[in-house]
Protein chains: 2
Amino acid sequence: MGEEGPRNGSRRLPRAAREAQILQVAAEMFAAQGFHATSMDDVAAACGVTKPMIYSYFGSKPGLLAALLERTGAELLGGLALMAAIPDPEARIRATLDLLITRLYEQTASWRVILSAMRGDGPLAERARGYRAALIHAMLITLAELAPPGLHRAIARRRVSPYAYALLGAAEAGSEWWLNTPGVSRVETTATASRVLDAMLALIRRDLDIPV
Amino acid sequence: MGEEGPRNGSRRLPRAAREAQILQVAAEMFAAQGFHATSMDDVAAACGVTKPMIYSYFGSKPGLLAALLERTGAELLGGLALMAAIPDPEARIRATLDLLITRLYEQTASWRVILSAMRGDGPLAERARGYRAALIHAMLITLAELAPPGLHRAIARRRVSPYAYALLGAAEAGSEWWLNTPGVSRVETTATASRVLDAMLALIRRDLDIPV
DNA sequence: GAAGTAAGTTACTTGAAAGTAAGTTTGAGT
DNA sequence: ACTCAAACTTACTTTCAAGTAACTTACTTC
């Protein structure tokens with residue numbers, strides 16, 4: 001039952017690794033029970049260390065949340081920047097969606113925390129809203145490029161915004177369905193998801209007055 | 001600056017009225033700052049009374065949340081029961097959707113609290129998810145009625161189930177969109193929801209081999 | 001107009017979580 | 001094999017919110 005580490009049963013970790021672990025664990029606990037319902041002792045215990053370690057690395061409880069926010073947000077922005085290189089709008093939509101869904105599933109906990117940190121006020125909420133805005137903005141921009149050249153950009157974006165949410169919601173619910181329904185093949189799941197996506201894209205195009 | 005009340009500047013309210021007020025105020029504060037970040041003293045002060053009043057009416061802090069949940073949930077179930085009287089499946093689906101949107105407008109704060117209570121564990125989360133499950137079930141039954149008479153019910157329900165999830169997932173995400181996007185009219189929300197619904201219904205019908 | 005009860009208060013106890021000071025272990029370099 | 005810093009702990013203080021006991025005020029009803 002040895003943990004990792006340079007040698008023996010040493011539980012010590014270099015700072016960078018411990019920080020990463022603490023952030024991961026904190027994200028999961030904050031997502032599961034809420035920020036205020038999770039104590040620093042809880043987080044520390046789940047990491048196998050004690051509270052003062054967290055304070056020495058992150059300063060305070062809001063400081064821990066802030067660090068989580070910055071790290072996750074920066075990763076997302078990096079990914080979105082890569083997507084921007086894809087020239088074709090529809091290909092970019094699919095790739096971006098894929099990226100967002102992948103991120104949502106790989107980092108569900110972090111994103112739940114960020115989304116719920118956005119409510120309320122204070123500098124953290126501002127920062128969180130900034131990242132969310134970036135995410136939504138990227139989706140909107142991409143979807144809006146399906147509009148005909150004649151349509152003003154701002155109008156196209158506004159028209160398209162509810163569909164961005166609906167798409168992500170449907171995708172997330174689809175996974176939940178897959179988890180709750182026994183005996184469904186992956187192929188079936190993928191096929192269904194794909195049909196839903198096609199239908200949504202068709203809908204968006206029609207709404208933007210593009211002949212399909 | 002007289003408040004209401006039988007006579008003079010009396011701030012006393014009969015129990016039913018005070019309970020309703022407390023629930024309303026608590027819903028708003030829980031929605032704004034989160035359940036754990038809101039103290040009973042805060043709620044009491046915002047109501048113009050003191051803490052022991054809330055304890056005498058609701059027993060505990062979880063008790064207050066539970067009461068909020070039950071009241072809002074019961075109202076929803078009542079509404080759904082009324083929908084069951086509509087014979088035509090498609091009309092029933094539309095009426096149900098409209099009901100959800102109406103509730104969302106009238107009780108924004110309560111629904112925010114319920115949606116966030118669904119995450120996490122504990123009896124309250126179970127209860128909240130129970131209301132959601134009831135919704136999904138109702139939707140499933142109704143969607144399955146779109147199937148041709150020859151198709152066995154169990155098969156129809158199974159075929160339709162991913163769409164029930166997707167539809168409600170999209171609706172949930174749509175709610176989030178509405179909650180996060182200022183200045184959207186109700187007409188606009190309904191229209192968008194209706195278009196998404198149209199697309200989903202067409203998809204479902206095709207999947208059930210019904211000619212549109 | 002006295003009595004009873006519902007609405008409300010003050011003032012407390014308790015428990016838990018944020019934050020900290022001062023000390024101990026361990027490993028890496030010279 | 002010594003030293004020094006980084007990783008880590010124990011053992012506190014402080015603060016704040018949940019929950020309660022005992023008391024007061026006002027409305028209703030006969």
Side-chain angles (χ1 to χ4, degrees), chain A residues 2-26 29-30 32-68 113 117 120 122-124, chain B residues 2-26 29-30 32-68 113 117 120 122-124:
Chain A
E3 315 289 329
E4 54 278 276
R7 284 292 159 100
N8 195 349
S10 168
R11 272 95 186 261
R12 293 201 172 192
L13 287 181
R15 174 165 187 155
R18 189 61 87 191
E19 278 182 351
Q21 181 209 18
I22 291 171
L23 286 176
Q24 175 63 31
V25 167
M29 299 186 79
F30 290 167
Q33 324 171 255
F35 178 70
H36 293 282
T38 305
S39 78
M40 295 295 261
D41 272 318
D42 290 343
V43 176
C47 291
V49 295
T50 53
K51 201 171 39 167
M53 286 306 301
I54 305 184
Y55 280 92
S56 107
Y57 288 163
F58 300 101
S60 69
K61 200 182 181 189
L64 176 57
L65 182 55
L68 178 59
V113 173
L124 284 183
Chain B
E3 314 291 327
E4 54 277 278
R7 285 290 159 98
N8 195 349
S10 168
R11 271 96 186 262
R12 292 199 173 194
L13 286 181
R15 175 165 184 156
R18 190 61 86 191
E19 277 182 352
Q21 181 210 19
I22 292 171
L23 286 176
Q24 174 64 32
V25 167
M29 299 185 80
F30 290 165
Q33 325 171 256
F35 177 70
H36 293 281
T38 305
S39 79
M40 294 295 259
D41 273 319
D42 290 343
V43 176
C47 290
V49 295
T50 53
K51 200 171 37 164
M53 286 306 300
I54 305 185
Y55 279 91
S56 107
Y57 287 163
F58 298 101
S60 68
K61 200 184 182 188
L64 176 58
L65 181 56
L68 180 59
V113 173
L124 286 182

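Throughout, a chain's letter reflects where its sequence line sits, starting with A, and its residues are numbered from 1.
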field: Sequence-aligned protein contact record of nucleotides 8-20 of chain C, with B where the base is within under 4.0 Å of a protein heavy atom and S where only the sugar-phosphate is
entry: BBB------SBBB

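- Remark: B:Gln21 engages B:Leu13, B:Arg18, B:Val25, B:Cys47 in a side chain to side chain contact (heavy atoms under 4.5 Å, CB included) (not counting sequence neighbours).
- Applying the side-chain hydrogen bond (donor to acceptor under 3.5 Å, both in side chains) rule to B:Asp42 yields the partners B:Ser39; only residues at least two apart in sequence or on another chain are considered.
- For A:Thr50, the side-chain hydrogen bond (donor to acceptor under 3.5 Å, both in side chains) criterion is met by no residue, not counting sequence neighbours.
- Partners of A:Leu124 by side chain to side chain contact (heavy atoms under 4.5 Å, CB included), not counting sequence neighbours, listed by chain and number: A:Pro62, A:Leu65, A:Ala66.
- Judged as a side-chain hydrogen bond (donor to acceptor under 3.5 Å, both in side chains), not a single pair has a partner in residues 54-66 of chain A (not counting sequence neighbours).
- Distance B:Phe58 CZ to D:dA18 P: 15 Å, rounded to the nearest Å.
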